[in-house]
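Please read the structure below before turning to the comments.
Worth knowing before you read on, the calculation uses all heavy atoms, side chains too, and leaves out hydrogens, waters and symmetry mates.
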Amino acid sequence: MNDAAIRLAHGSGKGLQELLDEVVLPAILPGRGPVLEDAAVFDVAQGKLAFTSDSFVVSPLEFRGGNIGKLSACGTINDLAMMGAIPHYLSVSLILEEGLDIGLLTRMLSSLRLVCEEAGVVIACGDTKVVDRGKADGMFIATSGIGMVPPGRALSAGNLREGDAVIVSGPIGQHGIAILSQRKGLRFASQVVSDCAPLNGLVEALLSAVPQTRALRDATRGGCAAVLHEFADASKVSVVVNEAAVPVSDVVRGACSFLGLDPLHIANEGRFIAIVPAASAAAAIAACTAHPLGEGASIIGTVTARQRFGVLMKTSIGGSRPVDMPAGELLPRIC
Ligand code: MG
């Protein structure tokens, strides 16, 4: 079946059973028994649950540094981690287009499973639908995730206080530029690799070093600028970013200026913004940079009392300008 393509007959009955038994389940749940129930049932410890949901429509399905399968696991795992939750369970819903290459589907699902294994997450339930040719651009994936928030953790966008330090966990803009350069055939940016990665391990390292961390958010659609605006508005403060301190690779910077884009607006899939008390900033940087996914973590700014603009940039030449919230859908189908 691996050489074949998805047919409408794979959408129900015997065809669906075959697709699940021969392709989907071996790829995401190898070694699992044959019994499938209507819902996953599991024990819960006392405490707080975190629950999140996301859908993935990225184009192209495979990109440098990842694919829709990896992305759909990382995106949901990261949203749980940003609330300080330990991710435990994932649901995976597949919408497959008639004609989709089954070998490609198997690759996407294997990537998804590898991320879950790396992150210690169990794929607990899922669904598979098949739609007509031309209706799903290959495949879409929707994932939901459940995690447990350890006692004492209460991260929130509303927690920022004047004087706090603003940290980014690594060089920004790689995911968006990797996708865009592939889509637009920008040869000069062809070595940019997406940052797509599960961040729960890095978050645990940060939170054990700096439990007083105020807020975390992954800088996905809308990039760092959107996260900083959301934080500033939720906490009724402003954030001043020091342009020279923002980690951006030369090639991402070059691609952004070529395309007329601000690196702060570009989507990441493996970077977060952390807000920590100023006194803990050095400890936070040390914890992040000791982890492979936090290399290049930097203090990029400070929280101030609310000013006219929520987010301001102190430019390298000594001036200051407001940083806009990205307008509308800057780069469609980026995640
Ligand atoms: Mg998020």
Side-chain angles (χ1 to χ4, degrees), residues 1-44 51-63 66-80 87-147 196 198 269 332-335:
M1 199 180 207
N2 268 330
D3 308 322
I6 292 292
R7 289 174 281 116
L8 279 177
H10 286 131
S12 60
K14 205 168 144 215
L16 177 62
Q17 196 62 55
E18 241 175 59
L19 178 65
L20 293 178
D21 290 346
E22 293 175 26
V23 179
V24 176
L25 293 173
I28 61 174
L29 295 169
R32 184 195 163 107
V35 180
L36 287 180
E37 307 283 6
D38 276 352
V41 175
F42 38 82
D43 297 318
V44 288
F51 180 31
T52 189
S53 187
D54 208 342
S55 45
F56 298 85
V57 299
V58 68
S59 171
L61 293 173
E62 294 181 282
F63 47 85
N67 57 49
I68 193 170
K70 180 179 182 184
L71 188 62
S72 68
C74 292
T76 290
I77 287 168
N78 291 347
D79 278 344
L80 291 171
H88 287 304
Y89 300 104
L90 201 69
S91 88
V92 178
S93 289
L94 305 172
I95 297 174
L96 310 177
E97 182 184 332
E98 180 187 10
L100 175 70
D101 178 74
I102 288 181
L104 177 84
L105 170 63
T106 305
R107 282 203 300 284
M108 304 301 101
L109 296 177
S110 303
S111 299
L112 190 159
R113 169 176 53 83
L114 283 175
V115 171
C116 290
E117 283 173 6
E118 182 186 338
V121 169
V122 172
I123 299 171
C125 54
D127 183 49
T128 301
K129 294 275 164 33
V130 177
V131 297
D132 302 355
R133 216 172 268 275
K135 304 286 188 196
D137 206 2
M139 65 187 292
F140 300 142
I141 304 183
T143 55
S144 298
I146 292 178
C196 180
E269 289 292 342
R333 309 279 304 273
I334 205 86
C335 57

Can you tell me how far apart NE2 (His10) and CD1 (Ile102) are? Round to the nearest 0.5 Å. 4.5 Å
Rounded to the nearest 0.5 Å, what's the gap from OG1 on Thr76 to CZ on Phe51? Could you check? 10.0 Å
CG of Leu109 to CD1 of Ile28, rounded to nearest 0.5 Å, is 6.0 Å
Once side chain to side chain donor-acceptor pair (under 3.5 Å) is applied, do any residues pair with Asp127, and if so which ones, sequence neighbours excluded? Lys129
Does Pro60 have any side-chain contact (heavy atoms from CB on, under 4.5 Å) partners at least two apart in sequence or in another chain, and if so, which? Ile179, Gln182, Arg183
Output all residues satisfying ring-ring contact (aromatic ring centres under 6.0 Å, His included) with Phe140, sequence neighbours left out; order by chain, then residue number. none
I need the Lys14 NZ to Asp21 CG distance, nearest 0.5 Å. 12.0 Å
Kindly write out the residues that satisfy side chain to side chain donor-acceptor pair (under 3.5 Å) with Ser72, not counting sequence neighbours, or none if the list is empty. none
Please give me the minimum heavy-atom distance between Leu71 and Ile334, naming the atom from each residue. CD2-O, 4.4 Å
Quick one: closest heavy-atom pair of Ile141 and Gly69, and the distance? CD1-CA, 4.0 Å
Taking every heavy atom of Leu94 against every heavy atom of Val92, the minimum-distance pair comes out as CD2-CG1, 4.0 Å
Would you please name every residue forming a side-chain contact (heavy atoms from CB on, under 4.5 Å) with Val44, sequence neighbours left out? Phe42, Leu49
Quick one, Leu19 and Leu96 - any side-chain contact, counting heavy atoms below 4.5 Å? yes
Please find the pair of heavy atoms, one from Ile77 and one from Pro87, that lie closest to each other, and give the distance. CG2-CG, 3.9 Å
Which of these, Met108, Arg7, Met139, sits in a side chain to side chain contact (heavy atoms under 4.5 Å, CB included) with Leu100? Met139
Are His88 and Leu80 side-chain neighbours, meaning at least one heavy-atom pair lies under 4.5 Å? no
Please enumerate all residues that pass side chain to side chain donor-acceptor pair (under 3.5 Å) together with Ser53, with sequence neighbours excluded. Ser144
Side-chain donor/acceptor of Glu269 to backbone N/O of Cys196, under 3.5 Å: no
Side chain to side chain, Leu8 and Glu98, heavy atoms closer than 4.5 Å: yes
How many angstroms lie between atom OG1 of Thr128 and atom CG of Leu25, to the nearest 0.5 angstrom? 7.5 Å
Heavy-atom check, side chain of Asp137 versus side chain of Arg333, under 4.5 Å: yes
Suppose we screen for side chain to side chain donor-acceptor pair (under 3.5 Å). Which residues come up paired with Asp132, at least two apart in sequence or across chains? none
Mind checking side-chain contact (heavy atoms from CB on, under 4.5 Å) for Ser12 and listing every partner two or more places apart, or none if nothing turns up? none
Nearest heavy-atom contact between Ala40 and Ala124 is CB-O, 3.3 Å
Would you list the atom pairs, donor with acceptor, under 3.5 Å between side chains in residues 111-123 and any protein atom, with sequence neighbours excluded?
{"from": "Ser111", "atom 1": "OG", "to": "Asn67", "atom 2": "ND2", "distance (Å)": "2.8"}
{"from": "Ser111", "atom 1": "OG", "to": "Arg107", "atom 2": "O", "distance (Å)": "3.1"}
{"from": "Arg113", "atom 1": "NE", "to": "Ala27", "atom 2": "O", "distance (Å)": "2.5"}
{"from": "Arg113", "atom 1": "NH1", "to": "Glu117", "atom 2": "OE2", "distance (Å)": "3.2"}

